[in-house]
Amino acid sequence: MTMTRRQFLSRSALCGTAAFLATSTAGRAFAAAARGKPMGIQLYMILKAYQDDPVGALKTLKEIGYTEIEAIITSTAANLRGQLDATGLRCPSLHFDGIGFEPGLEAAHTLGAQYIVSSMLPAIMQKELAAKGKHGEQDYSLDGAKRTAEYANRLGEKAKQAGLQYAYHNHHLEFSDVGGGQTFYDVLMKETRHDLVKFELDCGWVHVGGKNPADYFKANPGRMPLMHAKDFLPGAGNGNYPGSELGRGTLDYQPIMAAADQAGLKHCFVEQEGPFSRISQLDAARIDYDYLRPWR
């Protein structure tokens with residue numbers, strides 16, 4: 001696949017060693033983090049493999065060791081729920097961008113999910129303006145951040161009424177400077193209600209945005225119950241973001257996972273951007289699992 005996940009969602013919206021780990025202070029933190037925590041994967045990462053053979057692809061994920069998936073809906077939620085039941089996988093979280101928020105609420109209940117997540121909220125807002133005959137751009141200014149926070153609060157209230165928890169997933173533009181020493185993301189964190197809006201920290205995109213994911217976990221305990229473990233090949237930028245298997249890119253996830261665990265992380269989903277020209281999606285999923293497994 002040559003289309004990045006950001007492009008895919010935009011189109012939808014707009015049409016150490018074991019001894020060290022056992023004896024060091026950091027190692028003890030990782031050992032605590034590794035006790036019985038689930039490993040998950042974003043379904044988008046293996047989308048082609050899933051579309052070619054849904055049950056076979058999900059069985060392979062289970063055989064690798066994954067116990068959870070984060071859903072995108074490619075057919076119907078009922079079909080996916082049946083496939084998950086058949087393969088013993090759980091679905092605690094759903095990205096609704098491709099199907100809309102209201103259908104997403106229904107799909108989340110069908111799948112037994114707890115979290116309903118927007119992947120590209122500024123793009124969704126732009127789409128709604130266009131539907132009303134108004135012109136609008138994806139706005140990553142200070143005013144844009146405040147409008148996005150207000151919108152996220154409204155989604156969070158609706159999700160709460162439906163018995164679900166809304167969460168905001170980032171890309172790299174959220175880490176643009178909006179003045180006063182703040183980023184767009186900082187404003188979102190400040191101006192959204194803690195009970196209504198949680199965050200899914202996509203660590204790869206945070207890094208592309210020039211920030212350290214571990215710093216955000218440390219500064220915001222309890223706000224980030226979800227995360228994406230993602231990496232890019234060296235040289236990513238300027239509109240070119242080739243995905244990398246974990247451990248083969250530019251990010252060291254050991255300190256990130258320690259900070260995430262201390263901040264109350266509940267679900268970690270592996271997600272790799274394409275293109276998958278070096279190895280297949282499922283082979284990449286296996287490499288990513290093996291990389292993260294010591295810290296889960």
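Both backbone and side-chain heavy atoms feed into the values below; hydrogens, waters and symmetry mates do not. Note that the coordinates shown come from a computational prediction; the quantities given were computed from them, not determined experimentally.
Y66 and Y44 fall within the same hydrophobic cluster, defined by Ile, Leu, Val, Met, Phe, Trp and Tyr side-chain heavy atoms under 4.5 Å apart, directly or through other members.
Counting only N and O atoms by type, the side chains of E68 and H267 include a donor and acceptor under 3.5 Å apart. For the 3.5 Å distance criterion, the side chains of T250 and D231 qualify, holding a donor opposite an acceptor.
The ring pair (Phe, Tyr, Trp, His ring centres under 6.0 Å) with Y216 is formed by just one residue from the set W205, F199, F175; it is F175.
By the 30° and 60° cut-offs, the orientation of the rings of Y253 relative to Y291 is perpendicular.
Closest of all the heavy-atom pairs between P225 and L265 is O-CD1, 3.4 Å. The two atoms that bring Q272 and D288 nearest to each other are OE1-OD2, 3.3 Å, heavy atoms only.
Rounding to the nearest 0.5 Å places CD1 of I69 at 8.5 Å from OG1 of T87. Once rounded to the nearest 0.5 Å, the distance linking NZ of K62 with CD1 of I64 reads 12.0 Å. Here CG of N153 is found 9.0 Å from CD of E191. Values are rounded to the nearest 0.5 Å. A distance of 10.5 Å separates NE2 of H169 from CE of M227, quoted to the nearest 0.5 Å.
Using a cut-off of 4.0 Å between Lys/Arg side-chain N and Asp/Glu carboxylate O, D290 and R286 are scored as not salt-bridged. E150 has a carboxylate O that lies under 4.0 Å from a charged side-chain N of R154, or vice versa, which qualifies the two as a salt bridge.
Partners of D215 under the side-chain contact (heavy atoms from CB on, under 4.5 Å) rule, at least two apart in sequence or in another chain, are N212.
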Task: Verdict with reasoning, K190 to Q182, per side-chain contact (heavy atoms from CB on, under 4.5 Å) - done: CA-CA 10 Å; K190 290 178 182 178; Q182 296 185 107; 2.9 Å; yes
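Residues Y185 and M189 form a side-chain contact, since some pair of their non-hydrogen atoms from C-beta on lies under 4.5 Å apart.
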